[in-house]
Amino acid sequence: MTSRKIRTRIAPSPTGFLHLGTARTALYSWAYARHFGGEFVLRIEDTDVARSTQDSVDQILESMRWLGLDYDEGPIYQMQRLDRYKAVIDQMIAEGKAYHCYSTPEELEATREAKRAKGEKTLYDGRWRPAPGKTLPAIPAGVQPVVRFCNPPDGDVTWDDLVKGPITISNHEIDDLIIARTDGVPTYNFAVVVDDWDMEISHVFRGDEHINNTPWQINIFNALGAPLPHFGHCPVILGDDGQKLSKRRGAVSVTAYEEGGYLPEAMLNYLARLGWSHGDEELFSSEQLVAWFDGTHLNKSPAQWDPVKLLWVNAHYIRLADNTRLANLVALQLVKLGIPLEAETIATHLPQVCALLKDRCDTTVALATWAAKFYGDVTPDATEHAQHVTDAVRPAIALLAAKLEVCTWDKAAIAAAIKEVLAAHAIKMPQLAMPVRVLVMGTAQTPSLDSVLEICGREKVIGRLAKA
Ligand code: GLU
């Protein structure tokens, strides 16, 4: 088994967006394959026909692309492999490893109810399971059978989980799993095994909600004579209230973070660190992740989603990001604010705005809120206006406006004009800078004034100072 080629996969069900938990296991699977020079497969588990949608498939593919999780094979769709599943099921029935079960849902529920009443486990009673010398019930007319797997009646299923360590579950705890529904469509636990077998998957990383499914899957692998992959079950991600992260508790989809102004490298860094560590490293690139990620140091206990830390990580990557790249992202956010910009502005002017402001922004949404002040209207904060734009300073502001109207429009000339006004009115820098900031940017907290004025542009600056 250890000599197998390393092949991992992520197998999302397209019944919603790419969930953060799935994105994280996708990331681990991807990094593991890349670390060992193996291959990573994307499989779309769309057998839940009623809940699967093309829109979800599109969202999943887009999120994978955004996170930079490139795959070597796929997307492979389970619904395009029905013939293969059917062939395996027919073979299993022929070999006595699976059987038709004609119990109706009502009958099953009645049996479960009776068992519950007696305080027994509500496992399937095996009435349609063939056995030497056993007479099966007469096949009822008009009932479409399901197919059940002949689970080993005794013994234990044991595996050494890559995350949780050794796990043992008794076969007495599990029953004869339905592997094909009445319409012939296979169930998850069966299709996943045939796929992992056919796709030669060596390592399965997935959420620990699947731990209870793994014994069934191992038994099916064994029944098929297929080599077992290694399994690693990652704990759930908890919300900041300690409950499982869910839609009701805020954003859970990768897409929401893309829209919320996070950079993919920040998400990748944060998600990887959430549930895995490499020494004390908090900030690392995807190349470093690949170099370090060998499937060890995965946390056994659930990680807590920390929006504040994610913002800190994002702010780090925003600071590092190229200004033209940021400008393109900010331009998309500005459109949402009703401020579409010309391509020329996005290419030449907006990058300067980003360079000036990225140190103080932790998302591109925050950056866009700042950038909007350079392109849209500005309404000075009323309190700050009352505090800083006083009658005492108005003459100085007027003088500055007059000087700015005629000076060369560059940072040095603007700085010189400011100095002249300070000297002429015998005031200190903050006495002039604060009101000018409030008038031009709407707030007194801005980057250096001469840079702000230069990038804001003469016409806008003069217009805004005129409202003093
Ligand atoms: N479709 C399953 C899910 O989204 C895949 C589980 C697995 O990786 O085996 O949870």
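For ligands, and for the atoms within them, numbers begin at 1 and follow the listed sequence. For the single chain, residues carry numbers from 1 onward in sequence order.
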Applying ring-ring contact (aromatic ring centres under 6.0 Å, His included) as the test, list every pair that has at least one member in residues 163-213; sequence neighbours left out.
Tyr32-His203, Tyr32-Phe205, Tyr188-His210, His203-His230
Any donor-acceptor N/O pair, Lys115 side chain to Glu120 backbone, under 3.5 Å:
no
Return yes if some donor-acceptor pair links the side-chain N/O of Thr25 with the main-chain N/O of Gly207 below 3.5 Å, else return no.
no
Taking only distance into account, with no hydrogens and no angle test, what donor-acceptor pairs under 3.5 Å do side-chain atoms of residues 328-341 form with protein atoms, sequence neighbours excluded?
from: Asn328; atom 1: ND2; to: Thr324; atom 2: O; distance (Å): 3.0
from: Gln333; atom 1: OE1; to: Lys336; atom 2: NZ; distance (Å): 3.3
from: Gln333; atom 1: NE2; to: Glu259; atom 2: O; distance (Å): 3.3
from: Lys336; atom 1: NZ; to: Glu259; atom 2: O; distance (Å): 3.4

Non-neighbouring partners of Glu45 that pass salt bridge (Lys or Arg N to Asp or Glu O under 4.0 Å), sequence neighbours left out:
Arg43
Could you walk me through whether Asp83 and Lys86 satisfy the salt bridge (Lys or Arg N to Asp or Glu O under 4.0 Å) test, starting with their C-alpha distance in whole Å, then the side-chain angles of each, then the deciding distance to 0.1 Å, before giving a yes or no?
CA-CA 5 Å; Asp83 290 349; Lys86 188 174 179 319; over 6 Å; no
Kindly tell me which protein residues have any non-hydrogen atom under 4.0 angstrom away from an atom of ligand 1, grouped by chain and ordered by number?
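Residue list for ligand 1: Arg9, Ala11, Pro12, Ser13, Glu45, Tyr188, Val192, Arg206, His210.
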